[in-house]
Amino acid sequence: MDAHNGELRMNLFEKFWSGKQEIIGNKPAQVIESFDDSYKHKKAKSPCQSPSSLKQRRLTAESFSPKKRPPLHGIMRDGELLHYTTPLHCTVPLKKLELASKQEESLSKTFTENQLNSLQALKEENFHKTYLETVTSFMSPRRKPPPSLLFYLFNNILLSKQSGCGTECFRILLRIQELHPAEVAQMLQQKITWECVSMIVKLAGCTQSHTAESFKMNASMALSYLVSVMEKEVEKKKVCLVKTSAHRFFSVDRLSGNFHDVVEWVKKATEEHREEQLDQHCGHNFCPLYLLQRMLQLSVLVSQRPEDTAVRLANDLVLAYVELPSIKYKTLLLQSIQSHLLKTKLIEIVVKNCCSIDEELEEERMTSSGLKNVVLNFKRSPPLSDGIVSTTNCEEFVMLLAYWLQSFIFCHKRSLMAKGKESQRVLSLNDVKVLRRIEQEVSILTARLELLCDSTLSPRSYQLLQLILSLKSFAQIP
């Protein structure tokens, strides 16, 4: 039984193994045969040819032109924008002075720690004169004082009642402004507030008269320094006026309360101006009235809409003009205005409200523009005092017309334009025609005013009429 079972197992194993050999052995034979056939077929072909990339082809316009790329290929990714640099042929070359100033600012360094320690020791002892001499010895185009030291010079020495070194300190501050203007501008941004400016104006004698004369001079120098620094900053940053200290203090759109304060100070400074200084040069660099007028000019310069700003300032100034007691003070106020655009707007409002005109002429004036609009005001009546036209009224009327015409030409004549945005236009052909006929208009005005004043005018009125006539040659009109 066991032998029979063993034979059956052997038979089954032989059948299984023979079938497996048949399955495995058939396929490799077919693969080998197909590989041999293909190899023999390739061997029968011609010898090996050169690759297609090395073949010499005939150049055509299509093959020579660049291949088309997908539309997104030329778009710069966000990561690539950071590494983009302007090509050399597209860069705008800097002026020599600007390049030199930038290089000096980058190379200059603040005072060393030892120098600052030496100055700190002098500061604690209140040796102001020695302190100023030491600062002068340390300072150079390559060495600059920090903003905190500048503020100490400005606040603790120039504005100190105990210090007798105001003039020397003012001179050193101007020298620092010349060498390192960026440090001075930084000091203004960090340390000077509107409350500080208001205090300096009061100490300069614009709102109070009991301050000592010597200290008034120091405060006037401090005010002059602030105004000059802001003017230079505005001139340097014409493209970005919003970042200037003048815009922070005097922008009509930003803070309307500040310019109201300045207008009020102008009125008080005009009234308190010394009587003996009305007819002579009073030192414009340190005169509080002229410094305040330069603040109003800065308000016009930093504005995005200069004409609208000038109108707003003129509406406030007109009350100060009307309330002044005499024509001398009114003349002083008009002469002190630094912005010709502001002066034209102020005189226009004064003439419109104080000098009457016929309805027909008013309609003609409303439809006219430019210099013709100004000259049509020659036909107005002078301002009245108690219902009577006096010689003083005629003098004031001629003064308003002369200053109006003069400032109009300054605002529109390109060769006479001041630096800044307030002067952007030029004299038109109609304006030139009006100036060519100015002699006839002046002769008619003179005869009419002499008739109103019993055939005599004041000497100054005739001088102002001559000024109007000279404006033709002043504007270079043939």
Side-chain angles (χ1 to χ4, degrees), residues 279 281 284 293 297 300 306-307 310 314 317 321 327-328 330-352 354-355 357 361 364-365 368-383 391 393-420 422-450 453 457-478:
D279 297 326
H281 194 276
H284 295 173
Q293 293 286 9
Q297 184 184 30
V300 177
E307 290 208 6
L317 276 174
Y321 175 87
I327 189 174
K328 285 188 176 181
K330 292 179 179 179
T331 303
L332 175 66
L333 177 62
L334 292 177
Q335 288 179 346
S336 64
I337 297 176
Q338 303 296 300
S339 170
H340 287 286
L341 180 59
L342 175 58
K343 189 184 295 187
T344 56
K345 300 300 180 182
L346 174 60
I347 296 176
E348 183 178 0
I349 295 173
V350 172
V351 170
K352 182 178 179 180
C354 300
C355 305
I357 191 174
L361 293 174
E364 183 181 358
R365 191 192 68 82
S368 61
S369 61
L371 199 57
K372 184 179 179 181
N373 185 15
V374 179
V375 174
L376 282 174
N377 289 278
F378 285 20
K379 300 178 182 180
R380 288 180 178 271
S381 299
T391 306
N393 298 133
C394 292
E395 180 181 336
E396 181 182 355
F397 181 59
V398 176
M399 176 190 68
L400 290 171
L401 296 177
Y403 289 170
W404 191 358
L405 195 64
Q406 183 185 43
S407 294
F408 183 91
I409 292 175
F410 263 96
C411 286
H412 291 74
K413 184 66 178 175
R414 188 182 296 276
S415 61
L416 301 175
M417 284 183 180
K419 295 180 180 179
E422 65 166 303
S423 302
Q424 294 178 343
R425 298 171 294 174
V426 294
L427 286 173
S428 63
L429 294 177
N430 292 330
D431 295 336
V432 174
K433 291 179 182 179
V434 172
L435 276 177
R436 286 174 179 169
R437 298 195 307 268
I438 197 67
E439 292 90 351
Q440 301 174 4
E441 299 292 340
V442 171
S443 61
I444 295 173
L445 174 63
T446 306
R448 187 166 63 86
L449 294 179
E450 288 176 346
C453 298
L457 296 174
S458 65
R460 185 166 180 265
S461 298
Y462 288 110
Q463 292 176 0
L464 291 168
L465 290 169
Q466 288 297 320
L467 172 63
I468 296 175
L469 290 174
S470 66
L471 290 176
K472 176 181 177 180
S473 58
F474 187 68
Q476 302 175 356
I477 305 298

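No hydrogens, no waters, no symmetry mates; every other heavy atom, side chains included, goes into these values.
Considering all non-hydrogen atoms of both residues, P383 and F397 come closest at CD-CB, 3.9 Å. Between T331 and Y403, the shortest heavy-atom distance links the atoms CG2-OH, 3.9 Å. Taking each heavy atom of P382 and C355 in turn, the nearest pair found is C-SG, 4.4 Å. Considering every non-hydrogen atom in both S407 and T344, the closest pair reads CB-CG2, 3.4 Å.
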(request) Please step through side-chain contact (heavy atoms from CB on, under 4.5 Å) for the pair Q297 and L342, ending with a clear verdict. (result) CA-CA 8 Å; Q297 184 184 30; L342 175 58; over 6 Å; no

(request) Apply side-chain contact (heavy atoms from CB on, under 4.5 Å) to the pair I438 and L405, showing each step before the final yes or no. (result) CA-CA 11 Å; I438 197 67; L405 195 64; 4.2 Å; yes

(request) Could you walk me through whether L376 and S368 pass side-chain contact (heavy atoms from CB on, under 4.5 Å), step by step? (result) CA-CA 9 Å; L376 282 174; S368 61; 3.5 Å; yes

(message) Could you go through V374 and V434, starting from their C-alpha distance and side-chain angles, then the distance that decides it, and tell me whether this counts as side-chain contact (heavy atoms from CB on, under 4.5 Å)?
(response) CA-CA 10 Å; V374 179; V434 172; over 6 Å; no

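Legend: residues meeting side chain to side chain donor-acceptor pair (under 3.5 Å) with N377, ordered by chain and number and at least two apart, are R380. Considering only residues two or more places apart in sequence or on other chains, E439 meets the salt bridge (Lys or Arg N to Asp or Glu O under 4.0 Å) condition with K472. Taking the salt bridge (Lys or Arg N to Asp or Glu O under 4.0 Å) definition, one finds that K379 meets it with nothing, sequence neighbours left out. Remark: R437 pairs with no residue by the salt bridge (Lys or Arg N to Asp or Glu O under 4.0 Å) rule, at least two apart or across chains. Among residues two or more places apart in sequence or in another chain, the side chain to side chain donor-acceptor pair (under 3.5 Å) test is passed with N373 by R365.
Counting only distance, with no hydrogens or angles, the side chain of D431 and the backbone of L371 share a donor-acceptor pair below 3.5 Å. The backbone N or O of S336 sits less than 3.5 Å from a side-chain atom of Q338, completing a donor-acceptor pair.
Under the 4.5 Å side-chain criterion, counting only non-hydrogen atoms from C-beta, F378 is in contact with L401. Residues L333 and Q293 meet the side-chain proximity criterion, which asks for heavy atoms closer than 4.5 Å. The closest side-chain heavy-atom distance from L445 to R448 is below 4.5 Å. By the 4.5 Å heavy-atom criterion applied to side chains, L400 and L334 are counted as neighbours.
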Pairs of donor and acceptor atoms involving the side chains of residues 461-469, under 3.5 Å and at least two apart or interchain, shall be tabulated with distances.
from: S461; atom 1: OG; to: S458; atom 2: OG; distance (Å): 2.7
from: Y462; atom 1: OH; to: E450; atom 2: OE2; distance (Å): 2.8

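Taking CG of L317 as the reference point, atom CD1 of I349 lies at 9.0 Å (rounded to 0.5 Å).
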